[in-house]
Amino acid sequence: EQSSPVLEISSLSAGYGRFDVVRDIGLSVGKGEAVALLGPNGAGKTTVLRAIMGLVKQRRGLIRIGDTDVSDLPTHRIARGLAAIAPEGRRLFLDQSVEDNLLLGALHLRHDRTRVERLLTSVYDLFPVLRNYRHRLSSFLSGGEQQMVAIGRMLMSDPEIMLLDEPSVALSPVAVDIVVKAMLELRKRGASLLLVEQRIDVATRVCDRLYVMAHGEIVEEMTPEIVRSGGMSILNKYLG
Ligand code: ATP
């Protein structure tokens, strides 16, 4: 896995104003691997995902997806099958139908209707409830169902790497379980995931490796096994 990562970041610094929120970060995600970014509020986790998508203007360092250096690419190019994000807060168009929200992920594929249909089918196979709700306005969906749409929209672009920003936040235990099982199913399908999480239990269930961020830097790297055999106290030191 380590020999040909699907995502490789080195010496990344990124921020918004006078200061860098993220400083000199290096991380990698192998093909078919799931990696978590843990850390307290304000550590810079979301900023890393936004930098990968090219949504943060101020970024330095190297970001490579597959064979493509995306460090200087604009977001619309990166979103064309390289990386996709299920953002914090889900960011759906609530006055649009479920299916229209999903199709937004596949705008760059709209000339290949067969492929779009195949992707839609795979999203509805992953979340059967969305098939029933396909013509419903997204505002009528529960928080968990809206999160399914956000994940589905990400799948619709058929990306090399999927970025998920706290998909478990503010969901019921049942909905969290559905989202976790969906991520595990994506892994079975061979997807590569970078998951930002505050919940250690979710991260350890889904991921092969965990990075811990604090004050804009990566301060620890561990495996779920290490967390279970005593690493929890290290994590709690950072996560509080
Ligand atoms: P959270 O879990 O709260 O999202 P995080 O680890 O994802 O935390 P970021 O969202 O990356 O952290 O934010 C890191 C820092 O950057 C915070 O201090 C935040 O206030 C600042 N920040 C985030 N977005 C912006 C922005 N658009 N403009 C200016 N500062 C920002």
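Values below: every heavy atom of this structure, side chains too, minus hydrogens, waters and symmetry copies. Counting convention: from 1, in listed order, for ligands and their atoms alike.
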Leu210, Ile218: one ILVMFWY side-chain cluster at the under-4.5 Å cut-off?
->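 No, because Leu210 and Ile218 fall into different hydrophobic clusters, even though each may have its own neighbours under 4.5 Å.
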
If two hydrophobic side chains count as joined below 4.5 Å and joins carry through other members, does Leu109 share a cluster with Val149?
-> yes

Taking atom 19 (C) of ligand 1 as the reference point, report whether a protein heavy atom occurs under 4.0 Å from it.
-> no

Atom 5 (P) of ligand 1 protein-contacted, heavy-atom criterion under 4.0 angstrom |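 Within 4.0 Å: yes, protein heavy atom nearby.
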
Nearest non-hydrogen protein atom, [atom]:
| atom | answer |
| --- | --- |
| atom 10 (O) of ligand 1 | Thr46 CB, 3.4 Å |
| atom 31 (C) of ligand 1 | Tyr16 CD1, 3.3 Å |
| atom 8 (O) of ligand 1 | Gly42 N, 2.8 Å |
| atom 12 (O) of ligand 1 | Gly44 N, 3.2 Å |

Calculate, to the nearest 0.5 Å, the distance between atoms CD and OG belonging to Gln147 and Ser142 respectively.
->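 Nearest 0.5 Å value for the CD-OG distance: 10.5 Å.
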
What distance do Leu195 atom CG and Met183 atom CE have between them, rounded to the nearest 0.5 Å?
-> 5.0 Å

Salt bridge check: are [X] and [Y] linked by an N-O gap of less than 4.0 Å?
| X | Y | answer |
| --- | --- | --- |
| Asp125 | Arg189 | no |
| Arg60 | Asp20 | yes |
| Glu117 | Arg113 | no |
| Asp177 | Lys181 | yes |
| Arg115 | Asp158 | yes |

With heavy-atom distances below 4.0 Å as the criterion, list the atoms of ligand 1 near [X].
| X | result |
| --- | --- |
| Thr47 | 9 (P), 11 (O), 13 (O) |
| Gln198 | 2 (O) |
| Ala43 | 5 (P), 6 (O), 12 (O) |
| Glu88 | 4 (O) |
| Pro40 | 6 (O) |
| Asn41 | 1 (P), 2 (O), 3 (O), 8 (O) |
| Glu166 | 2 (O) |

Show the numbers, then the answer: is there a side-chain hydrogen bond (donor to acceptor under 3.5 Å, both in side chains) between Thr46 and Glu88?
-> CA-CA 8 Å; Thr46 297; Glu88 206 170 4; 3.2 Å; yes

Has Gly39 got any heavy atom lying under 4.0 angstrom from an atom of ligand 1?
->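 False for this residue.
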
Return yes or no for this condition: an N or O of Val21 is under 3.5 Å from an N or O of ligand 1.
-> no

